[in-house]
Amino acid sequence: MGGFAKEVATVENEADLQELFALLEPERKWFVLGGGSNVIFPDGDVDTLIVKLAPSGIALDSDNGDEVIVGAGGGTVWDDVVAYCVEHNFCGIEALSAIPGSAGATPVQNVGAYGTEIKDVLISLEAFDVFERTIVTFSNSECGFGYRDSLFKREGRGRYIITKITLRLHRGDARVPNYPGVAEYFAANNISSPTLADIRNAITTIRWTKLPDPRLIASVGSFFKNVFVSVEQAEKLKKEFPGLKSFPVNDGTVKIPAGALLDLAGFKGKRFGNLSFYKNNALVIVNEGGATRSELVDLIKNVTLRVHDLFGVELESEPEMIS
Ligand code: EPU
């Protein structure tokens with residue numbers, strides 16, 4: 001969806017970043033594109049300069065037996081990082097298997113799936129500070145992580161380019177994600193003590209049934225963030241909609257899956273012009289071919305209104321919209 005970028009700059013190292021930003025007019029808009037799997041382009045030509053980081057690999061930074069520290073360049077394909085860790089028996093990111101995009105993009109929206117978020121394993125990251133024209137290091141707590149959120153999505157937007165992430169992983173037993181779909185997969189495949197590779201296979205298989213393969217079907221994965229409400233509001237909603245799924249969260253709120261709300265509202269599998277709600281998952285909007293961003297923006301507005309009217313909650317879009 002959307003137009004073509006007029007200019008793309010590929011950078012390999014800090015020297016390239018220095019050179020690029022020294023050349024760039026101060027008012028010029030730029031955007032770092034990872035895998036492009038969570039980004040929506042505008043219709044027509046894209047004036048924003050697209051910056052691509054070349055993949056710069058994965059390295060074992062330290063190993064003390066039980067614990068290992070793994071570094072990955074920002075442009076490295078994220079799933080290659082997961083594959084490397086699973087092959088070497090390093091536990092911690094197997095639940096984040098088969099997520100499209102680059103390693104440097106994972107902290108931006110604190111990527112998460114099946115009970116793991118990148119914030120659980122990230123020790124620190126390095127970023128090029130475009131204002132100061134230098135590489136800076138952020139510790140985990142300095143990243144301002146939240147649910148699908150970080151400093152890099154908020155006040156750091158337009159300032160930092162993540163060039164390296166450093167993860168703390170461990171050897172030993174992997175934690176089996178506590179999700180019904182995962183348990184069903186192991187039961188169906190007669191796996192009683194899953195290995196790290198079994199967990200990666202399970203997650204990969206489940207993801208590709210619930211989420212369309214972005215190489216074949218155009219989507220940005222989950223379109224809306226899940227909704228968090230008070231216990232009282234969740235009880236009220238469940239009284240009114242007995243089939244509604246909800247999950248208590250440690251902080252005393254209740255998670256209401258946005259997919260479940262859209263499903264209950266009847267959006268699953270429905271087509272609106274060139275867009276549709278994926279047949280296996282109402283949280284995913286699919287471009288059936290030829291959809292424009294303005295068509296998408298209209299659909300989001302209507303869906304958000306409908307969900308608000310029905311359930312009294314506000315849906316929030318999750319992908320990045322660039323200008
Ligand atoms: N559900 C429905 N109908 C639907 C879709 C979902 O009833 O059409 C119900 C499911 O049955 C389940 C609940 O909603 O009880 C939650 O669904 P699911 O487990 O598939 O996960 P999710 O909360 O919709 C989140 C992430 C995904 C991540 C999965 C797996 C967000 C916005 N999305 O989805 O991340 O893969 O959990 O842990 O938090 C992404 O961000 O692009 C993404 C794919």
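Counting convention: from 1, in listed order, for ligands and their atoms alike. Note that the numbering runs from 1 along the sequence shown for the chain.
At a 3.5 angstrom cut-off on N or O pairs, Asp263 counts as close to ligand 1. Here's the thing with Ala282: one of its N/O atoms is less than 3.5 angstrom from an N/O atom of ligand 1. In terms of N/O distances under 3.5 Å, ligand 1 is not approached by Lys225.
Remark: among candidates Pro257, Gly181, Ser37, Gly101, the nearest residue to atom 13 (C) of ligand 1 is Pro257, based on non-hydrogen atoms. When the heavy-atom distances from atom 28 (C) of ligand 1 to Pro177, Ala113, Ala95, Gly243 are ranked, the shortest goes to Ala113. Of the candidates Pro100, Ser246, Ser222, the one placing a heavy atom closest to atom 33 (N) of ligand 1 is Ser222.
Among protein heavy atoms, atom 25 (C) of ligand 1 sits closest to Asn226 ND2, 4.2 Å.
Lys270 forms no cation-pi arrangement with Phe277, by the criterion of a distance under 6.0 Å to the ring centre and an angle within 45° of the ring axis.
Residue Phe247 places a heavy atom less than 4.0 Å from ligand 1. Heavy-atom distances between Phe224 and ligand 1 reach below 4.0 Å in at least one pair. Taking 4.0 Å as the cut-off, Arg148 counts as a neighbour of ligand 1 on heavy-atom distance. Every heavy atom of Phe277 sits 4.0 Å or more from the atoms of ligand 1.
Between Leu17 and Thr163, the closest side-chain pair of non-hydrogen atoms falls below 4.5 Å.
Each of the atoms 44 (C) of ligand 1 lies under 4.0 Å from some heavy atom of Leu211. The Lys268 neighbourhood of ligand 1 comprises atoms 3 (N), 4 (C), 8 (O), with distances under 4.0 Å to a heavy atom of that residue.
Distance remark: protein heavy atom not present below 4.0 angstrom from atom 17 (O) of ligand 1. Protein non-hydrogen atoms do reach within 4.0 Å of atom 40 (C) of ligand 1. For atom 37 (O) of ligand 1, the nearest protein heavy atom is 4.0 Å or more away.
Legend: salt bridge (charged side-chain N to carboxylate O under 4.0 Å, His left out) pairs involving residues 180-207, not counting sequence neighbours, sorted by first then second residue: Asp79-Arg200.
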